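One structure is given below, encoded as structure tokens.
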Amino acid sequence: MLTERIKQQHFAPVNGKKATSLSINLFMKYIFLWVCLFSFRFMAWSQDRDTVNIPVNRLYFHDKVITEQNSIDLTDGKADNFLHTSASEEIDIKVSDILFNKVTLLRLSVETNKDIEKNNDKIRQLSYIETFLKQIRQSLKERLINAHDIPDVYATFVKLMEWNRKGEDISDEIKSVSYPVAKINTAVFFDNKGFANSRNLVYLKYAALHPDQILKSIRPYVNESYADSLIVLACKYNPVQLYSYAQSKTSPEGKLIHRSENGMVKAVSKLSQTSNALLYFPFLDNLLTEKITIDSIRQFVGDGENGYDSVGYFRLLVKTEIEYFMRMAPPLRDTPIAMFGVNGLRETLRAKAIQHFITPINTLHDVNNLNVRMKAIDPLSPVELYYMLVMGENDIYTSSYKHSFNRMMQ
């Protein structure tokens with residue numbers, strides 16, 4: 001028995017002495033909660049069977065609510081009108097009281113409420129209760145809400161159920177509550193005149209909590225007035241993701257990105273449409289802060305085939321690597337978004353060191369004339385030679401390393 005387990009945990013003697021007053025208080029607290037829970041169950045049982053007359057033509061809709069309650073009850077594997085869904089027994093008691101007792105009383109009140117006269121209106125109210133329970137069950141299953149959210153979800157549901165019955169707009173209340181509370185209740189009252197506004201409010205709450213999911217979820221909202229501001233938020237949070245979406249100018253997300261007037265978003269969208277865009281990507285941070293322009297990079301990149309300056313491009317990579325590294329050092333400790341990962345600055349710097357300098361001098365390892373063999377690295381400064389050696393240390397031959405190191409030291 002639960003009460004026996006509680007008693008053993010909180011009412012047991014300590015070192016052969018009587019239990020402390022704290023243990024007594026804890027035990028009495030649990031007893032009080034269970035008495036309340038039993039009382040609610042008895043009230044619901046009694047009212048259901050003894051005092052409420054349910055017409056035959058509405059029994060089906062009452063049964064649908066009961067069926068949904070039973071489905072929730074079975075989610076923890078036991079049909080006992082008690083939901084084990086959290087680490088706190090006290091929370092489980094409160095949640096169970098709401099889902100199996102208060103909801104039952106609310107269902108029966110639909111029959112006794114003199115303000116709900118018509119059959120269709122009563123059926124509509126019962127359908128809201130059924131939908132509410134479905135939303136709770138699904139949200140718990142998908143872990144979209146926690147057990148401690150349920151009391152607030154239910155309190156808001158009861159309030160909005162009355163508002164909706166009176167034809168009032170629910171969006172004012174939706175605006176003031178948390179995301180889980182807003183999401184579930186908006187889904188319940190889909191026929192309310194404030195549903196469209198409430199749906200937008202729910203998405204704004206979601207976007208604020210999950211900026212990394214904005215671009216994956218914004219398609220239904222691309223024509224809303226707030227869509228532009230959310231794109232800016234998405235860009236600040238993950239410009240790399242925005243860059244990927246911006247590459248398609250014809251998709252709803254791409255159109256939204258390319259119509260933005262925000263300087264940061266415009267820089268990313270312009271970059272996504274630039275020829276040889278991956279060569280510009282390592283400089284994304286400086287492009288976003290306007291420390292550098294696409295045109296200033298293009299003088300080294302050219303058109304991809306003509307006008308490419310391998311030394312100038314490598315030199316710009318080294319300069320940017322130093323800038324980014326300084327940002328990562330104390331006191332800033334700020335990791336640039338384009339520093340790591342595929343096509344990031346560090347990976348590009350390594351690839352270009354190998355491609356333009358290490359591979360040519362390795363290929364000529366049998367050539368005795370160092371002026372010929374090491375010609376590829378002649379334009380490099382000591383700092384640039386250092387980065388070539390560090391980035392390509394796993395690929396450079398020992399002899400190539402030795403001669404490059406000597407040149408760096410000279």
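Here the structure is a predicted model, which means the values were calculated and not measured.
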- Query: Which heavy-atom pair separates L133 from I72 by the least distance, and what is that distance?
  - Reply: O-CD1, 3.5 Å

- Y386 atom OH, over 12 foreign heavy atoms within 6.0 Å: no

- Query: Between F82 and F100, is a ring pair (Phe, Tyr, Trp, His ring centres under 6.0 Å) present by the stated rule, with each step listed?
  - Reply: CA-CA 8 Å; F82 190 87; F100 305 119; 8.3 Å; no

- Query: Would Q138 and K141 count as a side-chain hydrogen bond (donor to acceptor under 3.5 Å, both in side chains) if you check the C-alpha gap in whole Å, the side-chain angles of each, and the deciding distance to 0.1 Å?
  - Reply: CA-CA 5 Å; Q138 192 65 27; K141 180 181 178 181; 5.1 Å; no

- Message: Does any part of the side chain of M328, heavy atoms only, come nearer than 4.5 Å to the side chain of P336, both counted from C-beta?
- Response: yes

- Steps toward salt bridge (Lys or Arg N to Asp or Glu O under 4.0 Å) verdict (E162, K166): CA-CA 6 Å; E162 182 65 12; K166 295 178 179 179; 3.6 Å; yes

- Say whether, by atom type as modelled, one donor and one acceptor occur between the side chain of D92 and the main chain of S86 under 3.5 angstrom. yes

- Query: Would D395 and R350 pass as an ion pair if we require N to O under 4.0 Å?
  - Reply: yes

- If you round to the nearest 0.5 Å, how far is CZ of F195 from CD1 of I170? 8.0 Å

- Item | Value rounded to 0.5 Å, distance of CG in D121 from CG in L126 | 11.0 Å

- Item | K193 (side chain) donor-acceptor with N164 (main chain) under 3.5 angstrom | no

- Task: Apply ring pair (Phe, Tyr, Trp, His ring centres under 6.0 Å) to Y203 and list each qualifying residue two or more places apart in sequence or on a separate chain.
- Result: Y221

- Query: Do the non-hydrogen side-chain atoms of L345 and F340 ever get within less than 4.5 Å of each other?
  - Reply: no

- Task: For the pair K205 (side chain) and V177 (backbone), establish whether a donor and an acceptor sit closer than 3.5 Å, ignoring hydrogens and angles.
- Result: yes

- Is the closest side-chain heavy-atom distance between E111 and P55 below 4.5 Å? yes

- How long is the span from the OG atom in S269 to the NZ atom in K249, to the nearest 0.5 Å? 8.5 Å

Taking only distance into account, with no hydrogens and no angle test, what donor-acceptor pairs under 3.5 Å do side-chain atoms of residues 230-241 form with protein atoms, sequence neighbours excluded?
{"residue": "N238", "atom": "OD1", "partner": "V240", "partner atom": "N", "Å": "3.3"}
{"residue": "N238", "atom": "OD1", "partner": "Q241", "partner atom": "N", "Å": "3.0"}
{"residue": "Q241", "atom": "NE2", "partner": "D212", "partner atom": "O", "Å": "3.4"}

- Would you tell me whether K122 and Q125 have side-chain atoms, one donor and one acceptor, within less than 3.5 Å of each other? no

- Query: Hey, is the main chain of T348 close enough, under 3.5 Å, to the side chain of N343 for a donor-acceptor pair?
  - Reply: no

- Which pair of non-hydrogen atoms, one from S217 and one from P220, has the smallest distance, and what is that distance? O-CD, 3.3 Å

- Message: Checking R407 against D378 for the salt bridge (Lys or Arg N to Asp or Glu O under 4.0 Å) test, could you report, in this order, the C-alpha distance in whole Å, the side-chain angles of both residues, the deciding distance, and whether it holds?
- Response: CA-CA 9 Å; R407 291 198 173 207; D378 282 348; 2.4 Å; yes

- Message: Less than 4.5 Å apart, side chain to side chain, heavy atoms only: is that true for I292 and L316?
- Response: yes

- Between A227 and I218, the two heavy atoms sitting closest are O-CD1, 4.1 Å

- Message: Could you measure the distance from the CD1 atom of I54 to the CG atom of L59? Nearest 0.5 Å is fine.
- Response: 6.0 Å

- Item | Separation of I98 CD1 from L105 CG (nearest 0.5 Å) | 12.0 Å

- Electrostatic pair R298-D295, nearest N-O below 4.0 angstrom: yes

- Query: In chain order, what residues pass the salt bridge (charged side-chain N to carboxylate O under 4.0 Å, His left out) check against D169, with sequence neighbours excluded?
  - Reply: none

- Step-by-step side-chain hydrogen bond (donor to acceptor under 3.5 Å, both in side chains) determination, Y154 to D97: CA-CA 11 Å; Y154 178 74; D97 178 40; over 6 Å; no

- Item | T75 side-chain N/O to S71 backbone N/O, donor-acceptor pair under 3.5 Å | no

- So, does T112 use its side chain to make a donor-acceptor pair with the main chain of S109 at under 3.5 Å? yes

- Item | Working for side-chain hydrogen bond (donor to acceptor under 3.5 Å, both in side chains), residues S260 and D228 | CA-CA 6 Å; S260 175; D228 288 332; 5.5 Å; no

- Note on the structure: Smallest heavy-atom separation, N362 atom then Y397 atom, equals OD1-N, 3.1 Å

- Task: May I ask you to decide whether R327 forms a salt bridge with E323, counting only side-chain N to carboxylate O separations under 4.0 Å?
- Result: no

- Do L140 and L83 come within less than 4.5 Å of each other through their side chains, counting heavy atoms only? yes

- Message: Is any side-chain heavy atom of L287 closer than 4.5 Å to one of I294?
- Response: yes

- Query: Would you say N113's side chain and D115's backbone share a donor-acceptor pair under 3.5 angstrom?
  - Reply: yes

- Item | Shortest non-hydrogen contact from A147 toward P151 | O-CD, 3.6 Å

- Task: Decide if atom CD of E142 counts as having more than 12 heavy atoms of other residues, nucleotides or ligands within a radius under 6.0 Å.
- Result: yes

- Message: With a 3.5 Å distance limit and no angle check, can you tell me whether Y387 reaches the backbone of E321 through a side-chain donor-acceptor pair?
- Response: no

- Side-chain contact, heavy-atom cut-off 4.5 Å: F189 with F157? yes

- What is the minimum heavy-atom distance between H356 and P360, and which atoms define it? O-CG, 3.4 Å

- Minimum side-chain heavy-atom gap L99-Q69 below 4.5 Å: no

- Taking Y324 for its side chain and P282 for its backbone only, find out whether a donor-acceptor pair lies under 3.5 Å. yes

- Query: Is there a donor-acceptor pair closer than 3.5 Å between any side-chain N or O of S272 and the backbone N or O of Y243?
  - Reply: no

- In Å, rounded to the nearest 0.5 Å, how long is the span from CD of Q135 to NZ of K183? 6.0 Å

